**Student:** 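Just dropping this structure here.
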Amino acid sequence: MRDAVAVATTSVPSNRDWFGLAWKSIAWGVLLGSIIYYVRRDALHYLFHYTPDSFKAFWSERILIRVHVACAVTMISTGTSQFWTGLRMRNMTFHVWCGRVFLLTGTFVSCSALYMGLHPRLGGIVYGFGLFLNGLFWLAAASIAYYAIRLGNVQVHKDWMIRAYVLAFAGIVGDRIIPDMTFVARRIGVDALNDISGWANWAVPLMVTEVIIQIRRLRMTRRPNTSRSIA
């Protein structure tokens with residue numbers, strides 16, 4: 001009987017470990033695949049095709065766009081490495097410097113997003129205001145994350161860095177996923193779809209992220225209470 005209970009108790013964590021490993025592998029695969037797809041289709045396009053046909057409406061701001069894209073690729077790359085727990089635990093110095101690069105490049109990307117939001121090229125004032133808020137909220141999230149780690153509050157730092165990364169990832173969602181929804185464009189028009197992308201590319205992922213963060217926080221606060229009731 002004891003052996004059966006021991007087998008049962010050991011098999012449950014192993015199943016959970018396998019489920020967690022599979023979930024993390026799928027998440028990393030989707031994340032890295034999206035980044036590679038974005039870099040090959042859009043980032044390299046602006047960085048290595050220096051022609052008016054390549055930049056189209058952005059040709060008058062080609063220098064800003066090229067620096068913006070280069071910093072965005074650097075920001076996404078360094079930000080992604082921050083979520084590699086093993087690398088972070090083994091080399092904290094590398095983690096700190098990647099965080100600094102993420103914040104520095106992200107600051108330029110967000111400030112340029114503020115400018116482009118005030119001078120939109122792909123849409124009207126609705127699209128521009130959404131892009132402007134994206135940059136503004138990233139600056140706010142990154143500032144709180146930096147302030148939290150300066151105070152030594154690691155958990156708050158992690159939560160706000162996650163929010164900042166999601167806001168930084170909005171360029172990939174807005175540039176590729178939403179504009180590729182041609183079935184939506186046929187129903188509401190390209191201009192309306194661009195206006196939606198200016199908001200949905202960061203608001204929807206941020207909302208989902210916030211729900212996940214709050215659920216994890218509730219689970220962490222509930223565990224001590226359950227242990228006391230059992231005792």
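Below, all heavy atoms of this structure are taken into account, side chains as well, without hydrogens, waters or symmetry copies. Model, not experiment: these values are computed from the prediction.
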**Student:** If hydrophobic clusters are built from ILVMFWY residues whose side chains come within less than 4.5 Å, do Ile196 and Val204 share one?
**Tutor:**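 Not linked; separate clusters.
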**Student:** Check the hydrophobic clustering (I, L, V, M, F, W, Y; side-chain heavy atoms under 4.5 Å; chains of links allowed) and say if Trp202 and Met207 are grouped together.
**Tutor:**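 No.
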**Student:** Locate the shortest heavy-atom distance separating Leu103 from Thr107; write the atom from each residue and the value.
**Tutor:**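 Minimum heavy-atom separation between Leu103 and Thr107: O-OG1, 2.6 Å.
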**Student:** Using a 3.5 Å cut-off and no angle test, enumerate the donor-acceptor pairs between side-chain atoms of residues 146-157 and protein atoms at least two apart in sequence or in another chain.
**Tutor:**
unit_1: Asn153; atom_1: OD1; unit_2: Val156; atom_2: N; d: 3.2
unit_1: Gln155; atom_1: NE2; unit_2: Asp159; atom_2: OD1; d: 3.2
unit_1: His157; atom_1: ND1; unit_2: Ala145; atom_2: O; d: 2.8

**Student:** If I take atom OG1 from residue Thr78 and atom CG from residue Leu104, how far apart are they, to the nearest 0.5 angstrom?
**Tutor:**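 The distance works out to 9.5 Å.
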**Student:** Supply the atom-to-atom distance His68 NE2 to Met75 CE, rounded to the nearest 0.5 angstrom.
**Tutor:**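 Atom-to-atom, His68:NE2 and Met75:CE are 7.0 Å apart.
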**Student:** Is a side-chain donor-acceptor pair under 3.5 Å present for Thr209 with Tyr165?
**Tutor:**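 No, Thr209 and Tyr165 have no side-chain donor paired with an acceptor closer than 3.5 Å.
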**Student:** What distance do Ser81 atom OG and Ile76 atom CD1 have between them, rounded to the nearest 0.5 Å?
**Tutor:**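 That separation rounds to 11.0 Å.
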**Student:** So Val67 and Phe108, do their side chains get closer than 4.5 Å, heavy atoms only?
**Tutor:**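 Of all side-chain heavy-atom pairs linking Val67 with Phe108, at least one is under 4.5 Å.
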**Student:** What pair of heavy atoms forms the shortest contact from Thr105 to Cys71, and how long is it?
**Tutor:**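 Heavy-atom minimum between the residues: CB-O, 3.7 Å.
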**Student:** Please check if Phe129 and Val109 belong to a single hydrophobic cluster, counting links between Ile, Leu, Val, Met, Phe, Trp and Tyr side chain heavy atoms closer than 4.5 Å.
**Tutor:**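 Yes: a chain of side-chain contacts under 4.5 Å links Phe129 to Val109.
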**Student:** Show me the donor-acceptor pairs within less than 3.5 Å that the side chains of residues 130-144 make with the rest of the protein, sequence neighbours left out.
**Tutor:**
unit_1: Asn134; atom_1: ND2; unit_2: Leu167; atom_2: O; d: 3.4
unit_1: Trp138; atom_1: NE1; unit_2: Ala164; atom_2: O; d: 3.0
unit_1: Ser143; atom_1: OG; unit_2: Leu139; atom_2: O; d: 2.7

**Student:** Under a single-linkage definition using a 4.5 Å side-chain heavy-atom cutoff for Ile, Leu, Val, Met, Phe, Trp and Tyr, are Ile213 and Trp160 assigned to the same hydrophobic cluster?
**Tutor:**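 The answer is no; the residues belong to distinct hydrophobic clusters.
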**Student:** How long is the straight-line distance from CZ of Arg219 back to CZ of Arg216, given to the nearest 0.5 Å?
**Tutor:**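 These two atoms lie 9.5 Å from each other.
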**Student:** Same cluster or not: Met161 versus Val96, using hydrophobic residues (I, L, V, M, F, W, Y) connected whenever any side-chain heavy atoms lie under 4.5 Å apart?
**Tutor:**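 They do not share one cluster, since no chain of ILVMFWY contacts under 4.5 Å joins Met161 to Val96.
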**Student:** Trp199 vs Tyr127, test: side chain to side chain contact (heavy atoms under 4.5 Å, CB included). Steps then yes/no.
**Tutor:** CA-CA 7 Å; Trp199 292 82; Tyr127 170 84; over 6 Å; no
**Student:** Mind checking what makes salt bridge (Lys or Arg N to Asp or Glu O under 4.0 Å) contact with Arg163, not counting sequence neighbours?
**Tutor:**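 Once residues adjacent in sequence are excluded, the partners of Arg163 under the salt bridge (Lys or Arg N to Asp or Glu O under 4.0 Å) criterion are Glu210.
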**Student:** Are the side chains of Val208 and Ile212 in contact, using a 4.5 Å heavy-atom criterion?
**Tutor:**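 Ile212 reaches Val208 side chain to side chain.
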**Student:** If I take atom CZ from residue Phe94 and atom CH2 from residue Trp97, how far apart are they, to the nearest 0.5 angstrom?
**Tutor:**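 If I round to the nearest 0.5 Å, the distance is 12.5 Å.
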**Student:** So how far is it from Ser112 OG to Glu61 CD, rounded to the nearest 0.5 Å?
**Tutor:**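 So the OG of Ser112 and the CD of Glu61 are separated by 10.0 Å.
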**Student:** Looking only at heavy atoms, which two atoms of Asn201 and Pro205 are closest? And how far apart?
**Tutor:**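 Closest heavy-atom pair between Asn201 and Pro205: O-CG, 3.4 Å.
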